[in-house]
Asks: 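Below is a structure I'd like to ask you about.
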2 protein chains.
Amino acid sequence: MRQTDYVILGLLSERPMTGYQIKRIVDLRFRFFWSESFGQLYPALRSLHAAGLIEETGADTKRSHAQRTYKIKQEGLAALQGWLARPVERESVRLEILMKLYFSHLTEAEVMAGQVRLFQEKHEQDLAMLRMADKELRSIVNDDPNHPYILQVVDCGLKVNEAYLKWSREALKFLESRGNK
Amino acid sequence: MRQTDYVILGLLSERPMTGYQIKRIVDLRFRFFWSESFGQLYPALRSLHAAGLIEETGADTKRSHAQRTYKIKQEGLAALQGWLARPVERESVRLEILMKLYFSHLTEAEVMAGQVRLFQEKHEQDLAMLRMADKELRSIVNDDPNHPYILQVVDCGLKVNEAYLKWSREALKFLESRGNK
DNA sequence: CGGCGCATGTAACTTGTTACATGATTCC
DNA sequence: GGAATCATGTAACAAGTTACATGCGCCG
């Protein structure tokens, strides 16, 4: 069982879904701390099905590219709960921008400023999306037992992205002052 | 050329080094935003050598497990500078703790609090190391043209880890209040 | 009827980790 | 001479991406 398997089980614990829907949700909601590709998702769904942790609901599973909606089974939920209780194994972060910046005395400050501006734009977008999610969730926080937990996740995103943006502004100020020399 | 190749070129641009020393530096200084394993490093050193971007300095390269000290060549420096100027391609973050938290209405709040405490401890360590690096660098900021840039990198680490810790405290407060119910 | 969005799937490839084997050097 | 640390290397595996092929259903 890989991390991908547990992400799938988690999302299926909310409601039955297709692989495509899972991918959409990961891209939208988990964007700032996770990613999955179809190349991981579809094989993982097959193997979870083969392992009896999820089942297919609905009709025509015969056609080759028919829509497949999966539903979590008791066994799947148990596996998910086991994972939730086990300590985190892999926390991976790779920020190419920081590696570049580390060596950027070898290049023009103005070039590096361009890199930081792109970084800043990306995280401004993330922050905007997180603020929207936060606002919406707060208005329906009591509708579902998992909403308060999701708010915590969003809050981490808010804080980290605010830190990124604050840093971007300062780094840009520094690089721009260098560029003028 | 992969990301690993450029990290190696970057470190060799400071001074000649062995693969082992590169690994040590990545583990210590880049810890909070990067990682490399020996399984990547040694083959990468070979291929950079074969490509003529780095050269071996020193004597006995005949023995099988002899120490190999590599030095960057002009071509290597040019390749590195090219990479620095190209836009960032891959920015990857995977925070298992947030994925777990997202689904943690399915488990005991006290269990999840344990996960957050581990996260908190890890980032307290990172922050302590970053604060030390910051202090030391500030005292010798004019000794080397790359020090001001490295300070920027450290500053990003400081801000992000402070955000993580602030979040951890709040998330713990939330989870502990849930646990008592 | 053409394009778009939904949808599934896989093969080739790249990337990264782990475990292991080996050997050199230093210091007690 | 034994332990720790420095040091190199690889093979097997695991994880992840990309590019491509297929096909459905809806809307204009």
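In what follows, chains carry the letters A, B, and so on, assigned in the order in which the sequence lines appear, proteins first and then strands, with residues in each chain numbered from 1.
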Asks: Is the Tyr102(A)-Trp34(B) ring centre distance short of 6.0 angstrom?
Replies: no
Asks: Tell me the interatomic distance from Lys23(A), atom NZ, to dT17(D), atom C1', rounded to whole angstroms.
Replies: 10 Å
Asks: Taking atom C1' of dG16(D) as reference, at what distance in whole Å does atom CG of Asp5(A) sit?
Replies: 14 Å
Asks: If you check every side-chain atom of Arg46(B), which of dA7(D), dT8(C), dG9(D) has the closest atom?
Replies: dG9(D)
Asks: Parallel, tilted or perpendicular: which one describes the rings of His105(B) and Tyr149(A), with boundaries at 30° and 60°?
Replies: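 Because their plane-to-plane angle lies in the 30° to 60° range, the rings of His105(B) and Tyr149(A) count as tilted.
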Asks: What is the distance from CH2 of Trp34(B) to P of dT15(C), rounded to the nearest Å?
Replies: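 One finds 11 Å between P of dT15(C) and CH2 of Trp34(B), rounded.
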Asks: With a 4.0 Å cut-off, would you call Glu36(B) and Arg94(A) a salt bridge?
Replies: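 Looking at Arg94(A) together with Glu36(B), the answer is yes, because their closest N to O distance falls below 4.0 Å.
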Asks: For Gln67(A) and dG25(D), what is the distance between atoms CD and P respectively, to the nearest whole Å?
Replies: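 After rounding, the reported distance stands at 10 Å.
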Asks: What integer distance in Å separates Tyr6(B):OH from dT15(C):P?
Replies: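 After rounding, the gap between these two atoms is 11 Å.
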Asks: Can you measure Leu41(A) atom CG to dG9(C) atom C1' for me and round it to whole angstrom units?
Replies: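 In whole Å, dG9(C) C1' and Leu41(A) CG are 12 Å from each other.
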Asks: Within this structure, what is the CD-to-C1' distance between Glu56(A) and dT8(C), rounded to whole angstrom?
Replies: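 Rounding to the nearest Å, CD of Glu56(A) and C1' of dT8(C) are 11 Å apart.
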Asks: Rounded to the nearest Å, what distance is computed from the CZ atom of residue Arg68(A) to the P atom of nucleotide dC24(D)?
Replies: 14 Å
Asks: Determine whether more than 12 heavy atoms belonging to other residues, nucleotides or ligands lie under 6.0 Å from atom NZ of Lys23(A).
Replies: yes
Asks: With respect to the side chain of Tyr42(B), which nucleotide from dC6(C), dT8(D), dG9(C) is positioned closest?
Replies: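 Nucleotide nearest to Tyr42(B)'s side chain: dT8(D).
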Asks: Nearest of dT10(D), dG9(C), dT8(D) to any side-chain atom of Pro43(B)?
Replies: dT10(D)
Asks: Using nucleotides 16-20 of chain C, report all nitrogen or oxygen pairs with the protein that are shorter than 3.5 Å.
Replies:
{"unit_1": "dG16(C)", "atom_1": "OP1", "unit_2": "Arg94(A)", "atom_2": "NH1", "d": "2.4"}
{"unit_1": "dG16(C)", "atom_1": "OP2", "unit_2": "Arg94(A)", "atom_2": "NH1", "d": "3.3"}
{"unit_1": "dG16(C)", "atom_1": "OP2", "unit_2": "Gln40(B)", "atom_2": "NE2", "d": "3.1"}
{"unit_1": "dT17(C)", "atom_1": "OP2", "unit_2": "Gln40(B)", "atom_2": "OE1", "d": "2.7"}

Asks: Taking the six-membered ring for Trp, are Phe38(A) and Tyr42(A) parallel (under 30°), tilted (30 to 60°) or perpendicular (over 60°)?
Replies: parallel
Asks: Closer than 4.0 Å, any side-chain N/O of Thr18(B) to the OP1 or OP2 of dC6(D)?
Replies: no
Asks: Are Glu136(B) and Arg131(B) close enough for a salt bridge, meaning some N to O gap below 4.0 Å?
Replies: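 Judged by the 4.0 Å cut-off on N to carboxylate O distance, Glu136(B) and Arg131(B) do not form a salt bridge.
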Asks: Can you find a heavy atom in the side chain of Lys122(B) that is under 4.5 Å from one in the side chain of Tyr164(B)?
Replies: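 Lys122(B) vs Tyr164(B): side chains apart.
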